[in-house]
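Written out below as structure tokens is the structure these notes cover.
Naming convention: chains lettered A, B, ... in sequence-line order (proteins, then strands); numbering from 1 in each chain.
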Number of protein chains: 2
Amino acid sequence: MITLEDIARQAGVSHSTVSRALADSPLVHPDTKKRIQDLAREAGYQVNQVARNLRFQSTRTIGLVVPEVSNPYYPKLIQQVADLARESGYSLQLHLSGADQAAENTCLASLREQRVDGILLVTAERGRWVEDAEHIDMVMGDDAKGGYALAQHLIGLGHRSIAILGKPSHRGGYDRLFGFKTALEEAGLVLSEEMQLVANSDAEVKSGVIQLIGLTAPPTAIFAYQDSLAALVIGHLADMCIPIPQAMTVVGFDNLDLATYICPHLTTVGGHIEPLAAQFVNLLIARIRKTHPNTSPQRVVITPQLVVRGSCAPPRRESSITKKTSSPEGYYQQLPTRNTQETSR
Amino acid sequence: MITLEDIARQAGVSHSTVSRALADSPLVHPDTKKRIQDLAREAGYQVNQVARNLRFQSTRTIGLVVPEVSNPYYPKLIQQVADLARESGYSLQLHLSGADQAAENTCLASLREQRVDGILLVTAERGRWVEDAEHIDMVMGDDAKGGYALAQHLIGLGHRSIAILGKPSHRGGYDRLFGFKTALEEAGLVLSEEMQLVANSDAEVKSGVIQLIGLTAPPTAIFAYQDSLAALVIGHLADMCIPIPQAMTVVGFDNLDLATYICPHLTTVGGHIEPLAAQFVNLLIARIRKTHPNTSPQRVVITPQLVVRGSCAPPRRESSITKKTSSPEGYYQQLPTRNTQETSR
DNA sequence: TTTCATAATACACACGATTGCATTAGTCGT
DNA sequence: ACGACTAATGCAATCGTGTGTATTATGAAA
């Protein structure tokens with residue numbers, strides 16, 4: 001690779017002058033400057049950011065840790081984060097942590113060694129333990145409110161027997177369940193054990209659906225923890241020739257693109273990913289630039305909105321509406337590295 | 001941040017000794033080594049990779065440039081690449097180039113400035129021009145063969161009137177079309193203009209489907225350029241109460257997860273992403289490590305496989321089968337940075 | 001006691017870019 | 001003609017690691 005020194009030798013000046021010339025400093029003679037700039041351009045000189053990073057003690061890079069990327073929820077988030085970061089002049093170092101807590105810690109350690117200016121950490125599993133969790137900013141979707149809104153919508157349509165299907169592995173998954181249950185309770189309904197099914201794979205969804213349909217008093221609506229699960233539910237119901245939404249109402253969560261790919265289009269909650277990503281990135285960059293006035297850790301909560309589509313219908317009964325808010329729980333976490341640190345020299 | 005020098009001062013030795021101690025060098029006295037290691041651990045010392053990278057002239061990072069991540073095809077690829085890279089001890093610097101050629105060049109320039117050890121470039125648009133394209137390795141999916149296989153399958157089922165819908169913006173898109181047309185021609189069929197519709201958005205797909213159904217001689221099968229478009233097609237057909245596959249056959253391309261989310265499950269071609277990513281990464285890392293014997297640019301072609309699912313049926317006629325292979329075209333490109341470079345000092 | 005080998009550690013430089021300070025050259029004023 | 005000021009450039013240190021070489025110190029052998 002070609003360096004400042006190389007250009008300097010060609011131009012017959014010192015490397016300091018070359019550095020100043022390329023930075024368009026007024027300290028170098030206009031003629032010299034022009035000559036050096038031309039020389040550098042035709043030599044294809046490219047700044048060594050590694051050296052510059054060492055000098056500046058900053059990499060203008062932020063680390064993004066995400067569990068996986070197969071679940072379409074995360075790409076949607078990554079896209080937003082990447083765009084916003086680029087707008088602010090930051091590169092992205094992407095790490096996929098997988099399901100494993102140890103792997104996540106490895107990612108974090110690696111990113112700190114790389115001296116990224118900040119880290120965005122998206123945690124998947126409930127109860128993941130992050131060092132100094134109380135000292136980091138957090139941005140979270142209000143999954144409880146989302147679950148509450150969905151349940152309220154179903155109750156409003158007149159549903160009284162509602163099943164829940166999925167695997168609440170997400171920290172937010174439990175919140176969705178909590179919000180959902182809260183709405184049911186407020187309407188005087190109870191969620192019996194047989195209406196709560198754990199399912200993760202396609203096969204489990206299938207057996208779950210069969211189990212629900214086979215009940216003596218089957219539910220009139222099914223709430224899936226994620227849009228992708230809801231899509232599978234709809235698929236299996238269709239296989240069993242159960243018309244949707246006439247004979248069964250189905251709702252999902254997150255409003256992913258696939259919610260409109262399936263037929264009928266899926267009622268779900270969404271719209272939270274974009275503001276989530278925006279807060280996520282803006283808060284971190286404000287921290288990095290120390291422009292954030294408040295030094296105490298921030299807790300930002302984004303409320304998702306109900307998106308009503310064709311997968312819901314009343315179950316041939318009348319309805320009543322209840323209303324109340326519920327408490328949120330954490331989902332996203334964000335921790336800047338450089339800001340809590342101190343150089344001992 | 002805490003440095004070698006800090007530990008050295010605490011231990012009353014020089015920073016060189018600390019460096020060697022942490023590298024478990026036999027040159028330092030076992031007692032000193034133990035003492036230094038303990039000291040470093042409890043001080044929470046973390047190597048500065050920026051300094052190390054400068055010293056070693058290597059970042060153990062590969063750059064990945066992808067057009068976007070909303071299209072679920074790319075996340076699937078990213079996941080594979082990230083896993084393989086991590087296995088080989090490389091980090092990933094992700095850049096999203098968007099639709100724009102200039103943005104792509106910006107990404108490339110940025111990655112070279114960051115001194116990544118290699119770059120994986122995924123190009124989306126046809127005819128994107130990459131500097132020194134003839135000097136870089138390329139890995140490509142054989143989209144022509146995929147299109148050919150799909151057409152052959154439809155013809156084998158007895159379809160004679162087949163429509164194509166989508167936007168061949170991909171370089172591979174044109175190849176899919178080419179392979180598809182080749183198979184049709186071999187079967188003595190022609191693809192009339194009215195059977196070729198450009199559609200990108202949901203609205204365009206809808207009007208396209210309506211247009212096709214409204215023809216005096218509507219097609220009996222529709223080939224969509226991507227699974228996501230096929231999903232939309234199926235959705236709109238269902239809206240119009242046209243049973244699939246009884247009244248209309250639909251096929252897609254890429255075998256994404258959503259192919260099994262929709263109902264009926266989508267016939268498509270796939271299985272190429274995994275080997276594609278594997279070749280992609282392995283070839284690059286071999287180049288970086290200079291273990292690759294062949295110095296001339298490689299061209300690797302991956303052939304996708306037909307995946308038959310429920311979205312296809314015969315159109316109440318008999319069938320004939322034709323067979324022949326077609327020529328491939330480029331899709332993926334990969335260029336290592338460090339290997340063609342030379343230090344002038 | 002002197003010499004030599006060896007073990008352990010310190011010194012110094014390199015990687016490449018930036019920047020405060022010193023140095024040189026050139027111009028102007030008196 | 002000489003001092004003073006300024007414009008232009010070079011010198012050198014810095015960021016943090018790793019490593020070749022020099023420098024000690026210690027012990028053993030003669």
For residues Asn53(A) and Thr59(A), is any side-chain donor paired with an opposing acceptor at under 3.5 Å? no
Rounded to whole Å, please give me the gap between CD in Gln114(B) and P in dG16(C). 16 Å
Ignoring backbone atoms, test whether Thr17(A) places a side-chain nitrogen or oxygen under 4.0 Å from the OP1 or OP2 oxygen of dG10(D). yes
For atom CZ of Arg9(A) and atom P of dG10(D), their distance in whole Å: 14 Å
For Asp254(B) and His272(B), test the side chains for any donor-to-acceptor distance below 3.5 angstrom and give the result as yes or no. yes
Whole angstrom is fine here: how far is it from CD1 in Ile7(A) over to P in dT18(C)? 13 Å
Would Thr61(A) and Gln93(A) count as having a side-chain donor-acceptor pair, cut-off 3.5 Å? no
Between dC15(D) atom C1' and Gln49(B) atom CD, what is the distance in whole Å? 15 Å
Measure from the side-chain heavy atoms of Leu4(B) and tell me the nearest of dG16(C), dT17(D), dT19(C). dT17(D)
Is Arg52(B) close enough to dG18(D) that one of its side-chain N or O atoms is under 4.0 Å from OP1 or OP2 there? yes
In residues 18-27 of chain A, which residues come under 4.0 Å of DNA chain D by heavy atom? Arg20(A), Leu27(A)
Length of the line joining Lys33(B):NZ and dA8(C):C1', which is rounded to integer Å: 12 Å
Proximal nucleotide (of dA10(C), dT17(D), dG16(C)) relative to the Ser14(B) side chain: dA10(C)
Nearest-neighbour nucleotide for the Phe56(A) side chain, dT19(C), dT9(D), dG16(D) considered: dT19(C)
On a heavy-atom basis, the closest approach of Cys107(B) and Leu96(B) is SG-O, 4.1 Å
Rounded to the Å, how far apart are Asp31(A) CG and dA8(D) C1'? 12 Å
Give the C-alpha distance, both sets of side-chain angles, the deciding distance and a yes or no for side chain to side chain donor-acceptor pair (under 3.5 Å) between Gln114(A) and Gln49(B). CA-CA 5 Å; Gln114(A) 304 270 8; Gln49(B) 291 289 356; 5.8 Å; no
Between C1' on dT26(D) and NE2 on His29(B), what's the gap in Å once rounded to a whole number? 12 Å
Want to settle it: does Arg55(B) or Val13(B) sit nearer the 5' end of DNA chain C, counting the closest nucleotide to each? Val13(B)
Shortest non-hydrogen contact between Ser110(B) and Ser91(A), atoms and distance: OG-OG, 4.2 Å
Give a yes or no on whether a donor-acceptor pair under 3.5 Å exists between the nucleobase atoms of dT18(C), that is its base, and the side chain of His15(A). yes
Less than 4.0 angstrom between a side-chain N/O of Gln57(B) and OP1 or OP2 of dA14(C), yes or no? no
Can you tell me if Tyr45(A) touches the phosphate of dG16(C), counting only side-chain N or O atoms and a distance under 4.0 Å to OP1 or OP2? no
Quick one: does Ser16(A) reach the base of dC11(D) with a side-chain donor-acceptor pair under 3.5 Å? yes
Protein-nucleotide distance (Leu54(B), atom CG; dA14(C), atom C1'), rounded to Å: 9 Å
Could you measure the distance from the CD1 atom of Ile119(A) to the CD1 atom of Ile62(A)? Nearest 0.5 Å is fine. 10.5 Å
Provide the closest heavy-atom pair for Ile288(A) versus Asp117(A) in the form atom of the first, atom of the second, distance. CG1-O, 3.6 Å
